[in-house]
Amino acid sequence: MEIDSRVVHHDQTSSEPKLKRHIGLLALTLYGIGDILGAGIYGLIGRAAGQMGNAIWLAFLASMIAAGLTGLSYAAVGSRFPRAGGAAYVTQRAFKKTWLAYIVGLAALASGLTSMATASRVFSGYLQGMFPSIPLWVLIIGFATLLAGIVFRGIRESMWANSLCTVIELSGLLIIIVFGISYLGGVDYFDASVPVTNPDGLITTSLILGGAVLTFYSFVGFEDVLNVSEEVKDPARTIPRGLLFAVAGASIIYVLISLIAVSVVPAAQLAESKEPLVDVVRTAAPWFPPKLYSIMALFAVSNTALLNYVMGSRLLYGMSKQKLLPSFLSKVHGKTATPHIAVAVLYVILLGLALSGDISSLAKSTSVLLLGCFVLVNSALIVLKRREPTPKGAFDVPYFVPALGVVACLAMLFHAQKPELITAGLILIGIIALYFVKRPGEDAIEKIDSID
């Protein structure tokens, strides 16, 4: 772990404390891998098998290409502009529209918040099964408070907690790879037959894209790397390398897991399972305690919530510096070097969402908004490449990369379900309404560029 131990420093022209650059390449790569892998893969395999049979690896492959293209664009953006505002900052810089940057930032934040709230309910629900005498709301508050405490304590502590969770969740997936790899070759991986939806087993472009829409959501998370940019050492080099290492590593794991899962357990059985990967472990490594594997999955759930909390607090901080949100959200604690007010605001919102009930449908809808953000970031990179020369030493990509990224993300949006699109539209209306309450000035981009 490349984590600096020096104390927080202050800006040379101001007594206000700033975020501290603690994160090195290894820590950033683990952050990205942990955020991408998350808890999704532990349940997603079953849903994908029910849609594509043995050919689920094709869906992951298509998603990998789409995520890889946008990941390359994010790497170029992060190398050029290492700002905590991430996508909101680059959108504002490219299109000079504060309202567009506002929508992009809050759409990304909405996705992170619903992911945090869903993870909090899943984690607390599992613990209540182990300790039924404790009310669910008590466990939710306790889990949210623990997350807030870690994120407030410092970026080093958050990265160490992330590293621990990432190693544990990776271990769970590596167990499947190591003990299940001998099963490879036992089935026809081009058999996409599903009794109800695809009895003939034909592989069509529509089938692959439909499956890719489902599996693509397991790749989102790489965009969160941009929001810790101001805490990364040598960001022009570290951000693109860490981001690409994370996307590549997660992609290899996903494809291997999808191939092994249908080799060990029939696709139809995986589709009906509530814990598909646990069933794979029961067959491939019967000596391994299933309960222990379920606990490993809980660390993945915790990691998802933790990293979304880090992302959300840095996004609020960055948007505040852009004058898109109230200025108090960009305050940094003098001792912990964290945006403590942003952390506290997120804590209140998180509790409200997590205690309100099941929000899984809301999470799917915010993922649609996130795809829209990807379209805008890819487009912004094209604009900036035409308008501004690439800074010396920065990572860059040819024009066709962000152009193909736009096409891939639009294809995913085209195959999204109608209910998700409707809910996403309602969220969008709410964000626009909030914009008119704050109404930041059109000179916000010039203000932030004059800060550092």
Side-chain angles (χ1 to χ4, degrees), residues 3 8 16-23 27-28 31-32 34-35 38 78 82-89 101-102 104-120 143-162 165 220-232 235 239 302-354 366 370 373 434 438 448:
I3 300 181
V8 60
E16 289 292 323
K18 298 177 65 178
L19 299 181
K20 179 62 181 170
R21 297 194 182 278
H22 286 299
I23 305 173
L28 188 67
Y31 177 94
D35 211 351
R83 302 279 185 168
Y89 174 81
Y102 191 88
V104 167
L106 289 195
L109 180 62
S111 178
L113 278 168
T114 51
S115 179
M116 288 161 56
T118 300
S120 298
F143 181 67
T145 303
L146 176 62
L147 289 178
I150 294 173
V151 176
F152 168 74
R153 186 65 184 85
I155 193 64
R156 284 186 302 172
E157 289 76 9
S158 297
M159 290 298 101
W160 279 115
N162 160 62
C165 291
V220 298
F222 60 83
E223 76 283 354
D224 291 350
V225 169
L226 287 192
N227 293 294
V228 295
S229 296
E230 293 183 32
E231 294 161 285
V232 173
I239 290 174
S302 303
N303 209 19
T304 296
L306 172 65
L307 297 183
N308 276 286
Y309 208 136
V310 173
M311 177 278 293
S313 61
R314 273 53 178 183
L315 181 56
L316 287 180
Y317 163 85
M319 291 183 69
S320 175
K321 286 183 67 178
Q322 286 177 252
K323 312 302 180 185
L324 298 175
L325 292 174
S327 59
F328 63 83
L329 291 171
S330 63
K331 298 294 183 182
V332 176
H333 196 276
K335 292 184 179 180
T336 65
T338 54
H340 56 295
I341 298 179
V343 171
V345 169
L346 282 183
Y347 176 70
V348 174
I349 299 173
L350 170 60
L351 284 181
L353 284 172
T366 53
L370 204 53
C373 293
L434 285 174
K438 169 59 182 173
I448 188 173

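The analysis underlying the following values was restricted to heavy atoms, covering all of them including side chains, and did not include hydrogens, waters or symmetry mates.
Contacts of Phe143 classified as ring-ring contact (aromatic ring centres under 6.0 Å, His included), with partners at least two apart in sequence or in another chain: Phe123. Qualifying side-chain hydrogen bond (donor to acceptor under 3.5 Å, both in side chains) partners for Thr338, counting only residues two or more places apart in sequence or in other chains: Thr336. By the side-chain contact (heavy atoms from CB on, under 4.5 Å) test, Ala119 pairs with Val301, Ala305, sequence neighbours left out. With sequence neighbours excluded, no residue satisfies side-chain hydrogen bond (donor to acceptor under 3.5 Å, both in side chains) with Ser120. Residues that satisfy the ring-ring contact (aromatic ring centres under 6.0 Å, His included) test with Phe222, not counting sequence neighbours, are Tyr74, Phe374. Applying the side-chain contact (heavy atoms from CB on, under 4.5 Å) test to Ile349 and every residue at least two apart in sequence or in another chain returns Leu113, Val345, Leu353.
In this structure a side-chain-to-backbone donor-acceptor pair under 3.5 Å is present from His340 to His333. With hydrogens and angles ignored, the 3.5 Å screen pairs a side-chain donor or acceptor of Ser229 with a backbone N or O of Leu226. Between the side chain of Ser330 and the backbone N or O of Ser327, at least one donor-acceptor pair lies under 3.5 Å.
Smallest separation of non-hydrogen atoms from Val228 and Val310: CG1-CG1, 3.7 Å. Heavy-atom minimum distance, Cys373 versus Ala107: SG-CB, 3.8 Å. Nearest heavy-atom pair across Ala108 and Leu370 is CA-CD1, 4.0 Å. Smallest separation of non-hydrogen atoms from Val151 and Ser158: CA-OG, 3.5 Å. A pairwise comparison of heavy atoms in Leu324 and Tyr102 identifies O-CE1, 3.1 Å as the closest pair. Residues Ala101 and Met319 share a closest heavy-atom pair of O-CE, 4.2 Å.
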- Query: Where do Ile150 and Tyr309 land on the side-chain contact (heavy atoms from CB on, under 4.5 Å) test, with the steps shown first?
  - Reply: CA-CA 10 Å; Ile150 294 173; Tyr309 208 136; over 6 Å; no
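Residues Lys321 and Glu230 meet the side-chain proximity criterion, which asks for heavy atoms closer than 4.5 Å. Side chains of Thr304 and Thr118 form no contact here, defined as non-hydrogen atoms less than 4.5 Å apart. Within the 4.5 Å cutoff, the side chain of Leu147 has no heavy atoms near those of the Tyr347 side chain. Contact check for Asn308 versus Asp35: side-chain heavy atoms found under the 4.5 Å cut-off. Proximity of Arg153 to Val343: side-chain heavy atoms (C-beta onward) are nowhere separated by under 4.5 Å. Using a 4.5 Å heavy-atom threshold, the side chains of Pro82 and Ile239 count as touching. Taking 4.5 Å as the limit, every side-chain heavy atom of Tyr317 sits out of range of all side-chain heavy atoms of Ile341.
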